[in-house]
Amino acid sequence: MNKKLKKDFYKRELLTVAKDLLGKIFVFEDKRINKKLKAKIVEIEAYDGSIDEAAHTFIGKTERNKIMFEEGGFLYVYFTYGKHFCANVVTGNKEQGTAILLRAMEPISDLKIFSERRFKKTNLSEKEKINILNGPAKICEAFNINRDQYGIDLTANEIYLLEAPKISEENIITTKRIGIKKSIDLPWRFYIKDSQFVSRK
DNA sequence: ATCAAGATTACCT
DNA sequence: GGTAATCTTGATA
């Protein structure tokens, strides 16, 4: 059985943690339905409020972003566009306000639950199977992540990551981030080269 | 009290 | 390729 990632994993420097997140297994032990929902992380983006205008923490600490100013190992969930939640892994120290947006995953467990929540049905077309977790808000819809999960400690027993083999440099693609209007040239988006579950190639 | 923008998605042509 | 949907947050008054 794979081991849960510990505090020291998250407290490292942002971009190091970002690349190391690829391939790891995201687990949500949802007590409400008595299930352990699992998926493999295949795409992420890094944000750093100390130098990055696109980061929510660039303006300093606020009620919304305060968890990003904690030490690494917490979940930062935010609401946007009047509809969507997105989930991030907080990294680093208490000064910078750094976090990593979970952008796409490959479903591992409970396909039926994910399918029902995303498409209100369980018989999916091939295209829909790819479409279950390939976007930050899609992940939150399928996992049922919302304000209730804001600030969860990732070293506890509800939401956590499992150790997995490190993805080698030649299998990681680095690009500019998607869907932002500031600091658009920072090459802080990373995804697994061969994954078909990435949001955009 | 009011306002503009937003780390997106689904659906349209 | 373009855009409506929809509402919270943070800033300004």
Side-chain angles (χ1 to χ4, degrees), chain A residues 10 13-15 17-19 21-22 26 39 41-70 72 74-92 96-107 114-121 124-152 154 159 161 172-192 196-201:
Chain A
Y10 301 102
E13 185 270 327
L14 173 69
L15 297 182
V17 182
K19 289 188 206 174
L21 277 186
L22 294 173
F26 181 89
I41 298 172
V42 301
E43 176 188 349
I44 48 84
E45 281 176 0
Y47 289 87
D48 177 353
S50 67
I51 55 173
D52 167 15
E53 289 187 71
H56 290 164
T57 45
F58 187 73
I59 56 174
K61 189 189 280 191
T62 67
E63 188 59 29
R64 176 207 213 191
N65 67 28
K66 59 186 179 187
I67 196 69
M68 282 179 70
F69 287 100
E70 288 301 315
F74 293 96
L75 197 70
Y76 168 46
V77 181
Y78 67 87
F79 182 76
T80 191
Y81 292 108
K83 281 188 171 64
H84 307 298
F85 290 98
C86 296
N88 304 246
V89 172
V90 176
T91 73
Q96 287 175 289
T98 52
I100 298 163
L101 173 68
L102 300 172
R103 281 201 58 92
M105 297 192 198
E106 174 179 343
F114 290 146
S115 304
E116 190 62 43
R117 289 174 178 172
R118 288 274 297 118
F119 303 105
K120 313 293 179 214
K121 60 179 183 177
L124 302 190
S125 67
E126 290 308 305
K127 197 171 181 181
E128 286 168 327
K129 285 178 188 170
I130 301 293
N131 231 338
I132 297 176
L133 298 175
N134 63 347
K138 297 176 185 177
I139 290 171
C140 287
E141 184 178 17
F143 274 91
N144 227 333
I145 290 172
N146 52 58
R147 282 184 194 78
D148 294 343
Q149 283 72 43
Y150 181 96
I152 279 183
L154 296 173
I159 295 179
L161 301 181
I172 296 177
I173 304 291
T174 303
T175 75
K176 294 174 184 177
R177 295 172 297 179
I178 293 177
I180 54 173
K181 295 195 175 74
K182 305 169 195 164
S183 299
I184 56 175
D185 288 328
L186 290 173
W188 285 2
R189 173 172 176 256
F190 306 101
Y191 65 85
I192 297 179
Q196 54 181 330
F197 296 91
V198 167
S199 70
R200 238 189 81 199
K201 295 272 182 179

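Side chains included, hydrogens not; waters and symmetry mates left out as well; all remaining heavy atoms used. Order of the sequence lines sets the chain letters (A, B, ...), proteins ahead of strands, with each chain counted from 1.
- Rounding to whole angstrom units, NZ of residue K127(A) and C1' of dC11(B) are separated by 12 Å.
- When distances are taken from the side chain of R103(A) to each of dA10(B), dA7(B), dG10(C), the shortest belongs to dA7(B).
- A salt bridge links D52(A) with R177(A): at least one charged nitrogen is closer than 4.0 Å to a carboxylate oxygen.
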>> Run N65(A) and K61(A) through side-chain hydrogen bond (donor to acceptor under 3.5 Å, both in side chains) and show every step you take.
In response: CA-CA 6 Å; N65(A) 67 28; K61(A) 189 189 280 191; over 6 Å; no
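- Summarising the base pairing, dG10(C) is matched to dC3(B) through a Watson-Crick or G-U wobble pair whose two defining distances lie under 3.5 Å.
- Each of dA7(B), dA11(C), dT9(C) was ranked by its minimum atom distance to the side chain of I59(A); first place goes to dA11(C).
- Between the side chain of Y47(A) and the backbone N or O of W188(A), no donor-acceptor pair lies under 3.5 Å.
- Residues E43(A) and R103(A) are paired through a salt bridge, judged by an N-O separation under 4.0 Å between the basic side chain and the carboxylate.
- Distance from the side chain of K182(A) is smallest for dG6(B) among the nucleotides dG10(C), dT8(B), dG6(B).
- Side-chain N/O atoms of H84(A) include none lying less than 4.0 angstrom from OP1 or OP2 on dT9(B).
- Atoms CZ (F58(A)) and P (dG6(B)) sit 14 Å apart, rounded to a whole Å.
- Considering only side-chain N and O atoms, T62(A) lies under 4.0 angstrom from the phosphate OP1 or OP2 of dG10(C).
- Separating the OH atom of Y150(A) from the P atom of dT8(C) is a distance of 16 Å, rounded to the nearest angstrom.
- Within the 4.0 Å cut-off from OP1 or OP2 of dA5(B), not a single side-chain nitrogen or oxygen of K181(A) is found.
- A salt bridge between E126(A) and K129(A) is present, with a side-chain N of the basic residue lying under 4.0 Å from a carboxylate O of the acidic one.
- Protein atom NE2 of H56(A) is 15 Å distant from nucleotide atom P of dA5(B), rounded to whole Å.
- Residue-level contact check: A54(A) touches the bases, meaning some heavy atom is under 4.0 Å from a base atom.
- dT8(B) atom P lies 16 Å from atom CG of L133(A), rounded to whole Å.
- The interatomic distance linking E53(A) (CD) with dA7(B) (P) rounds to 13 Å, in whole Å.
- Here the two rings, on H56(A) and Y78(A), have centers that are under 6.0 Å apart.
- Rounded to an integer number of Å, the gap from CZ of F85(A) to P of dT6(C) is 15 Å.
- One atom, CZ of F119(A), and another, P of dA10(B), lie 7 Å apart when rounded to the nearest Å.
- Within the nucleic acid shown, F79(A) comes within 4.0 Å of sugar-phosphate atoms alone, with no base atom in reach, counting heavy atoms only.
- Of the candidate nucleotides dT8(C), dT8(B), dT9(B), dT8(C) has the atom nearest to the side chain of R147(A).
- Within the nucleic acid shown, L101(A) comes within 4.0 Å of at least one base atom, counting heavy atoms only.
- Evaluation of Y81(A) against the base of dA5(C) yields no stacking contact (centre distance < 5.5 Å, interplanar angle < 30° required).
- Contacts of R118(A) with the nucleic acid, taken as non-hydrogen atoms under 4.0 Å apart, involve only primed sugar atoms and P, OP1 or OP2.
- One finds no side-chain N or O of K83(A) lying less than 4.0 angstrom from the OP1 or OP2 phosphate oxygen of dG6(B).
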